[in-house]
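Written below as structure tokens is the structure these notes are about.
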Amino acid sequence: MEATEMRTTEDLQMKQLMVVRPRYGELLIQALLGLCAIVSIVTTVGIVLALVEPSIEFFSEVSLKEFFTGVNWAPLFNPPSFGVIPLITGTLVTTFWALAVCLPFGLGAATYLSEYASPRTRSILKPVLEVLAGIPTVVYGFFALTFVTPLLQDIWLVGEGPGVFNALSAGLVMGVMILPTIASLSEDAMSAVPGGLREGALALGSNKAQVSTRVVIPAALSGIVAGFVLGVSRAVGETMIVLVAAGSTPNLSLNPLEAMQTMTGFIASAGLGDQPTGSIGFKTIFAVGAALFAITFVMNMFSIRLVRKYREVYE
Amino acid sequence: MARKVEGTTMTEENQAQVTPMQQIEPQHHADKAPRESLVTVDDVTVKYSGSTAVEGVTFDIATNEITALIGASGCGKSTLLRCINRMNDLIPGAEVTGTINYKGVDLYGEKIDPVQVRKLIGMVFQKPNPFPKSIYDNVAFGPRVLGIKEDLDEIVEKSLRRASLWDEVKNRLNSSALGMSGGQQQRLCIARAIATSPDVILMDEPCSALDPISTGRIEDLMEELKTRYTIVIVTHNMQQAARVSDKTAFFTVNVNEDDKRFGQLVEFDDTEKIFTNPSDQRTEDYVTGKVG
Ligand SMILES: Nc1ncnc2c1ncn2[C@@H]1O[C@H](COP(=O)(O)OP(=O)(O)OP(=O)(O)O)[C@@H](O)[C@H]1O
Ligand SMILES: [Mg+2]
């Protein structure tokens with residue numbers, strides 16, 4: 001009796017092992033997740049394609065040489081001039097000043113939060129940072145125009161101070177805008193470095209500063225650089241702050257005290273104006289957009305390479 | 001006598017003892033036994049956020065000997081070991097009372113810089129923790145922190161030789177330390193500790209993550225190292241303690257009236273005595289494998 005009972009349970013177990021009923025629930029989930037992945041890829045590809053067609057048309061009318069080497073940007077004037085260099089320098093100058101703010105302060109804030117702050121301090125400061133990251137950029141723009149620019153004008157000591165519209169205050173405020181993102185991402189990367197490495201360094205007689213700069217930051221480098229790449233991409237793509245605070249004068253200059261127009265600034269202001277579909281003005285917007293995309297893309301690729309080369313993999 | 005790790009409260013008597021680390025003279029020790037003690041642990045109690053982890057520990061660590069700390073899990077061996085190079089300062093809420101003297105200097109004295117203490121008293125951890133850098137940079141890390149820029153090659157080679165690792169890695173000093181086996185990584189960590197030329201090396205279960213062959217190599221290495229360094233090792237491996245150590249401290253877990261568990265030193269003596277003729281029944285039960 002007992003023996004047969006044993007057999008039946010054993011059979012049952014074997015059957016359970018062998019049942020090959022398709023798992024519909026799981027298949028459905030897999031399909032849905034796949035769909036999500038496809039949607040995000042398709043939209044990205046779609047945007048790129050949408051950029052390509054008008055850009056090609058644009059470059060059939062304006063030569064690549066004129067576009068990329070010309071130093072005069074006046075596409076909507078008569079006669080028009082399509083040298084994009086002033087817009088690129090405008091973008092680079094504002095981005096440079098943004099980086100000048102967020103590189104030292106972002107890394108410093110991340111190091112403080114990850115290596116020096118008590119758990120309590122961190123648990124308060126980290127959410128505050130993340131809230132700062134959510135302030136709309138137009139607010140930052142007016143902050144730059146109505147607070148930072150007058151402040152700079154007041155405290156300026158040598159020569160002539162910055163104008164009402166200037167790249168410096170736009171850049172600095174842009175740096176403040178991306179600071180929380182960078183600090184937060186870098187802090188994540190640094191906190192993820194195993195504690196054993198810190199203990200190892202401390203046991204060799206390192207002080208906290210040496211532990212941070214010689215062990216934690218190198219080990220967290222790939223995460224830190226990823227944060228900065230995201231930050232720089234946001235700075236290059238940032239529109240509202242530069243539109244409000246840097247002015248809309250294409251200006252081939254490296255002097256941050258002057259007004260400048262960036263690539264995004266042009267796209268926004270030209271896009272607001274009435275550009276009939278198919279007109280050269282309309283196509284110009286897309287050409288500048290494509291150039292912006294190309295710059296960001298190259299920059300991202302470059303930083304990925306850089307990180308691969310220098311990062312220290314800890315596991 | 002009681003004071004916090006930060007050294008906030010001090011008695012006058014203690015302040016008089018404090019000497020800056022640089023002024024410590026190397027002491028010549030007599031050739032005859034007993035060897036003089038390099039570190040003395042006197043009535044040390046450690047609390048974590050108010051609850052006692054280990055209480056009233058007193059024993060001496062003699063120069064150029066290997067001292068083993070044994071006992072069941074949770075009896076405070078690691079805690080005590082980490083007091084000797086002030087690694088416990090890094091744990092918020094850790095509080096050390098009692099005295100730990102190193103060459104007659106109170107390590108918890110007011111003027112003592114824990115960072116300097118750790119340069120003289122190195123540490124090897126349970127889990128090998130090489131930095132994600134090259135083998136060379138791992139060994140050179142300590143000297144560089146000390147500000148040494150010259151003769152780094154020499155220091156690296158000497159340290160790797162002493163850790164009997166040189167022949168295995170001399171052709172790949174610039175490859176990552178993480179590409180080594182666990183046993184090699186642990187010997188690298190020993191080389192890294194040696195490179196700052198410490199007096200004492202603390203080892204917390206250095207072989208527990210290793211295979212028997214790597215373990216054997218590290219035990220041999222400890223025998224060689226003790227001619228130059230003083231070693232304190234925590235181990236759960238009775239044979240290891242019996243094989244390598246000169247002195248053994250046996251700890252146990254006690255339970256007080258409030259049902260709180262805390263560690264205590266039961267017996268401290270020559271290793272031979274602890275393993276063949278211990279004075280305390282609990283020690284005998286433990287080393288013969290009846291409990292724990
Ligand atoms: N960082 C800490 N914070 C709070 N309590 C701790 C901390 N580290 C250890 N303890 C407590 O102190 C007591 C002793 O721990 P310790 O790690 O020193 O024991 P051990 O003898 O090394 O044990 P094992 O053999 O398992 O390594 C334990 O009760 C433990 O819970
Ligand atoms: Mg332990």
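Hydrogens, waters and symmetry mates are skipped; everything else that's a heavy atom, side chains included, is used. Quantities reported herein were computed from a predicted structural model and do not represent experimental measurements. Chain naming here is simple, since letters A, B, ... match the order of the sequence lines and numbering starts at 1 in each.
B:Pro132 pairs in a side chain to side chain contact (heavy atoms under 4.5 Å, CB included) with only one of the listed residues (A:Val193, A:Leu197, A:Leu221), which is A:Leu197.
Nearest heavy atoms, A:Gly200 versus B:Arg192: CA-NH2, 3.9 Å. Of all heavy-atom pairs spanning B:Lys119 and A:Gly205, the tightest one is CE-O, 3.1 Å. The two residues A:Ser206 and B:Phe141 come nearest to each other via the heavy atoms OG-CE2, 3.4 Å. Counting all heavy atoms, side chain and backbone alike, A:Glu199 lies closest to B:Met87 at O-CE, 3.6 Å. Minimum interatomic distance between A:Ala203 and B:Met123 (heavy atoms only, all atoms of both residues): CB-CB, 3.9 Å.
Few gaps surround OH on B:Tyr48; more than 12 heavy atoms of other groups in view lie less than 6.0 Å from it. Within a 6.0 Å radius of CZ in B:Arg228, no more than 12 heavy atoms belonging to other residues, nucleotides or ligands are found. For B:Lys47, the NZ atom is loosely surrounded, since the number of other residues' heavy atoms within 6.0 Å does not exceed 12. No more than 12 heavy-atom neighbours from other residues, nucleotides or ligands sit within 6.0 angstrom of CZ on A:Phe302. Within 6.0 Å of CD on A:Gln30 lie no more than 12 heavy atoms contributed by other residues, nucleotides or ligands.
The shortest side-chain heavy-atom distance between A:Leu204 and B:Val145 does not fall under the 4.5 Å cut-off. Between A:Leu202 and B:Pro114 there is no side-chain heavy-atom pair separated by less than 4.5 Å.
Contacts of B:Pro92 with chain A are absent, with no heavy-atom separation under 4.5 Å from either backbone or side chain. For chain A, the nearby part of B:Leu90 is the side chain; its heavy atoms alone come within less than 4.5 Å. B:Arg144 touches chain A through backbone and side chain together, each having a heavy atom under 4.5 Å away.
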